[in-house]
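As structure tokens, the structure follows; a few thoughts come after it.
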Amino acid sequence: MTKDKKIKPSKELPLGFVDRQEKELLIRDFVISNIKEVMIKYGFQYLETPSFEYSDSIGKFLPDKDRPDQGVFSFKDEKSWLSLRYDLTAPLARYVAKNYLELPKPFKRYQLGKVWRNEKPGPGRFREFLQFDADFVGTKNLMADAELCVMISEILEKCGLNEKDYTIKWSTRKLTDALFAELKINSSNKRLKILRSLDKLDRLGWDEVKKLLGKGRKDKSGDFTEGAELPSNQIQKIYEVFVQKKLMPKNENYEEGASKDITNMKNFFEIFDFKNCNFDPSIIRGLEYYTGPVFEVNLNFEVKNSKGQPIQFGSIGGGGRYDNLVSNFGNFECPATGISIGLDRLVFALMQKKDFKIKVTRPVVICVFDKNNFKDYINILNKIRSSGISAEIYSGENKLKKQMEYANKIGSPAVILYGEDEIKSGKATLRNLETGKEISVKTEEIISEIKKII
RNA sequence: GCAGCAGUAGCUCAGUUGGUUAGAGCACUAGUUUGUGGAACUAGGGGUCGGUGGUUCGAAUCCACCCUGCUGUACCA
């Protein structure tokens with residue numbers, strides 16, 4: 001080892017990236033296996049696309065800038081800009097456009113994969129995370145939108161949540177379209193500002209959103225956010241629609257769009273006999289590409305950070321209909337709808353749920369007394385392993401005390417001692433690490449005795 | 001990006017109005033027990049006090065800038 005500290009490499013992780021340990025990974029595997037089961041049951045195809053895409057095929061155009069727009073990780077090879085994908089929807093649109101003629105219509109696929117965002121991490125939010133997406137491509141039928149909600153609910157309940165642990169809320173973007181028509185707000189900039197403000201209703205409450213719609217808002221750290229500068233009569237109108245939920249006054253835009261979406265969705269939920277969702281006009285979802293129904297999945301139990309403080313957790317996923325996204329790639333009509341779930345966030349929350357337990361398998365440890373006796377140890381080891389039980393021979397070079405400490409630390413259920421005394425008597429010693437009880441067993445009986453312990 | 005708070009041992013933190021060799025608990029190592037973990041006791045190792053520059057006889061402590069983390073907020077195709 002060198003004494004010069006300056007040449008030691010850093011042991012820190014890049015901002016927003018984390019190491020994940022066994023418990024979290026096992027819960028993630030559990031969630032994934034549930035997802036796969038449900039997806040097969042609902043008839044979705046499994047797809048994988050690469051982590052990198054050409055920047056422009058996933059919506060990043062970089063005319064004269066040195067780097068593609070912030071938010072994505074990008075680099076330039078000899079010819080083109082490449083970006084790590086920031087979601088799974090954009091690559092899906094690219095994939096569908098590329099294989100349009102061959103694909104069945106509608107095309108139903110699901111995908112699990114990491115996505116990356118080059119932005120500031122928050123509580124439970126990282127710059128690399130695992131996403132699950134399921135989409136219907138090539139249908140205008142709102143049954144698809146409703147079925148996505150039914151399906152996601154089935155996945156969550158399979159993962160151990162009960163119906164009170166989560167909420168699915170839905171609305172349609174046509175509602176805000178109708179509202180903008182009613183209020184004669186045509187500036188897309190202003191529309192966007194209003195949408196963003198309304199999207200914060202559940203987190204901030206109406207009083208704060210009201211400030212955002214008007215002159216602006218100061219948050220609790222003292223930072224000021226500019227408002228949309230709407231006059232108070234317009235704000236009042238928005239209040240009636242989105243908070244009081246008195247529905248829209250009659251106008252053609254509403255009748256033809258939002259109203260149809262809403263009755264359609266309600267109808268399908270009824271036919272599916274699906275009750276665990278609520279119509280909520282304040283569900284907006286910031287994304288600009290949504291065109292119809294939108295939905296959001298929220299968890300209802302308290303989530304804490306590593307310091308034990310409760311945090312604003314927000315939604316674990318959501319989705320909606322994006323009828324124009326795929327057609328960006330070509331001159332064909334291609335309506336679509338889909339849902340995304342942030343798996344790491346779901347797992348993070350599941351880990352904190354009191355009644356949620358995951359089984360971690362740890363090996364029985366065979367202690368080493370005599371380095372010349374590995375033949376016996378391996379015999380015992382093979383016998384245990386071939387019966388399907390996890391086991392290992394202590395792989396270090398320490399004395400018994402250290403071996404016991406090791407077994408204790410890894411959470412091993414039991415150790416097997418086979419030293420001079422055991423060789424003489426022909427019986428191994430099996431120590432239950434939880435109770436500390438030791439018994440002497442013939443090698444043939446080892447397995448049945450271990451099974452009593454684990 | 002903006003704002004608030006924070007950075008002292010592997011971890012959690014203490015460190016008085018600036019004053020010699022910088023502390024505790026947990027963890028680690030060794031021993032009490034050379035064939036026995038989770039308890040106890042004894043001893044020990046481990047820190048450029050986030051970084052750089054400044055003020056000072058003297059800085060973990062004061063000042064400036066930077067870096068990192070947490071929380072909120074903005075943006076999020």
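Note on naming: letters A, B, ... go to the chains in the order of the sequence lines (proteins, then strands), and numbering restarts at 1 for each one. Worth knowing before you read on, the calculation uses all heavy atoms, side chains too, and leaves out hydrogens, waters and symmetry mates.
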Using the P atom in both, what is the distance from B/U61 to B/C75, to the nearest Å? 39 Å

May I have the distance from A/Glu405 (atom CD) to B/A40 (atom C1'), rounded to whole angstrom? 14 Å

Would you say the base of B/A77 stacks on A/Tyr86 (centre-to-centre below 5.5 Å, plane angle below 30°)? yes

The side chain of A/Thr225 is closest to which nucleotide in this list: B/G35, B/G37, B/U73? B/U73

Give a yes or no on whether a salt bridge exists between A/Glu226 and A/Lys211, defined as a side-chain N under 4.0 angstrom from a carboxylate O. no

Quote, to the nearest angstrom, the C1' distance that separates B/U34 from B/U68. 48 Å

Side-chain donor-acceptor pair present, A/Ser412, A/Tyr406, cut-off under 3.5 Å: no

Starting from C1' on B/C75, measure out to CG on A/Leu192 and report it in whole angstrom. 11 Å

Within this structure, what is the NZ-to-C1' distance between A/Lys211 and B/A74, rounded to whole angstrom? 17 Å

What integer number of Å spans the C1' atoms of B/U8 and B/U48? 12 Å

Minimum-distance nucleotide (side-chain atoms of A/Glu422 versus B/G35, B/G37, B/U36): B/G35

Roughly how many Å is it from OH in A/Tyr406 to P in B/U29, rounded to a whole number? 14 Å

Is the closest basic N to carboxylate O distance between A/Glu438 and A/Arg431 below 4.0 Å? yes

May I have the distance from A/Glu226 (atom CD) to B/U73 (atom C1'), rounded to whole angstrom? 14 Å

Return the value, rounded to whole Å, for the distance between atom CG of A/Leu433 and atom C1' of B/G38. 9 Å

Whether over 12 other heavy atoms sit under 6.0 Å from A/Glu405 CD: yes

In whole angstroms, how far is the P atom of B/C76 from the CG atom of A/Asp199? 10 Å

With a 4.0 Å cut-off on N to O distance, would you call A/Arg217 and A/Glu208 a salt bridge? yes

Any donor-acceptor pair under 3.5 Å from A/Glu422 side chain to A/Gly419 backbone: yes

B/G72 P sits how many Å from A/Glu208 CD, rounded? 15 Å

Looking only at side-chain N and O atoms, does A/Arg203 come under 4.0 Å of OP1 or OP2 in B/A74? yes

Taking the P atom in each of B/U42 and B/C62, what is the distance between them to the nearest angstrom? 37 Å

If you measure from the C1' atom in B/G69 to the same atom in B/G50, how many Å do you get, rounded? 10 Å

Residue pairs, two or more places apart or on separate chains, that pass ring-ring contact (aromatic ring centres under 6.0 Å, His included) and touch residues 416-440 of chain A: none

Just the table, please: protein N/O against nucleotides 43-46 of chain B N/O, every pair under 3.5 Å.
none

A/Glu53 vs A/Ser83, test: side chain to side chain donor-acceptor pair (under 3.5 Å). Steps then yes/no. CA-CA 6 Å; A/Glu53 297 273 355; A/Ser83 296; over 6 Å; no

Base, sugar-phosphate, or nothing: which does A/Lys193 touch, judged by heavy atoms less than 4.0 Å apart? nothing

When you measure from the centre of the six-membered ring of A/Phe126, is the NZ or CZ of A/Arg20 closer than 6.0 Å and no more than 45° off the axis? yes

Are the side chain of A/Thr291 and the backbone N or O of A/Arg321 linked by a donor-acceptor pair below 3.5 Å? yes

Can you check whether A/Lys218 has a side-chain N or O nearer than 4.0 Å to OP1 or OP2 of B/A74? no

Identify which nucleotide among B/A74, B/G37, B/U29 has an atom closest to any side-chain atom of A/Lys402, counting heavy atoms from C-beta outward. B/U29

Check the phosphate of B/A77 against A/Arg117, side-chain N and O only, distance under 4.0 Å to OP1 or OP2. Yes or no? no

Nearest 0.5 Å, please: how far is CD1 in A/Ile380 from CD1 in A/Ile393? 8.5 Å

Residues 129-141 of chain A, side-chain donor-acceptor partners within the protein, below 3.5 Å, at least two apart:
| unit_1 | atom_1 | unit_2 | atom_2 | d |
| --- | --- | --- | --- | --- |
| A/Asp133 | OD1 | A/Ser340 | OG | 2.9 |
| A/Asp133 | OD2 | A/Thr89 | OG1 | 3.3 |
| A/Asp133 | OD2 | A/Ser340 | OG | 3.3 |
| A/Asp135 | OD1 | A/Arg109 | NH2 | 2.4 |
| A/Asp135 | OD2 | A/Tyr322 | OH | 2.5 |
| A/Thr139 | OG1 | A/Asn141 | N | 3.0 |
| A/Asn141 | OD1 | A/Met143 | N | 2.9 |

Considering only heavy side-chain atoms of A/Arg431, the closest of B/A77, B/G35, B/G38 is B/G38

Pairwise 5' ranking along RNA chain B for A/Asn408 and A/Glu119, keeping only the more 5' one: A/Asn408

Output all residues satisfying side chain to side chain contact (heavy atoms under 4.5 Å, CB included) with A/Glu48, sequence neighbours left out; order by chain, then residue number. none

Neighbours of RNA chain B within residues 390-401 of chain A, by heavy-atom distance under 4.0 Å: A/Lys399, A/Leu400, A/Lys401

Which is it for A/Trp81 and A/Tyr54 under the ring-ring contact (aromatic ring centres under 6.0 Å, His included) test, yes or no, and what are the steps along the way? CA-CA 6 Å; A/Trp81 277 100; A/Tyr54 285 122; over 10 Å; no

Looking at B/G37, B/G35, B/A74, which one has an atom nearest to any side-chain atom of A/Leu204? B/A74

Suppose you measure atom P in B/G58 against the same atom in B/C2; what distance do you get, rounded to whole Å? 36 Å

Where the side chain of A/Arg217 is concerned, which of B/A27, B/U73, B/C76 is the nearest nucleotide? B/U73

Just to be sure I understand: a Watson-Crick pair is purine N1 to pyrimidine N3 plus N6-O4 or O6-N4, both under 3.5 Å. Using that and G-U wobbles, which stems of three or more pairs involve RNA chain B? B:1-7 with B:67-73, B:10-13 with B:23-26, B:28-32 with B:40-44, B:50-54 with B:62-66

Heavy atoms only, 4.0 Å cut-off, all strands: where does A/Glu438 land among base, sugar-phosphate and nothing? base

I'd like the P distance from B/A22 over to B/G47, given in whole Å. 12 Å

Toward the 5' end of RNA chain B, which comes first, A/Lys409 or A/Asp421, by nearest nucleotide? A/Lys409

Nearest-angstrom distance, C1' atom, B/U16 to B/A60: 13 Å

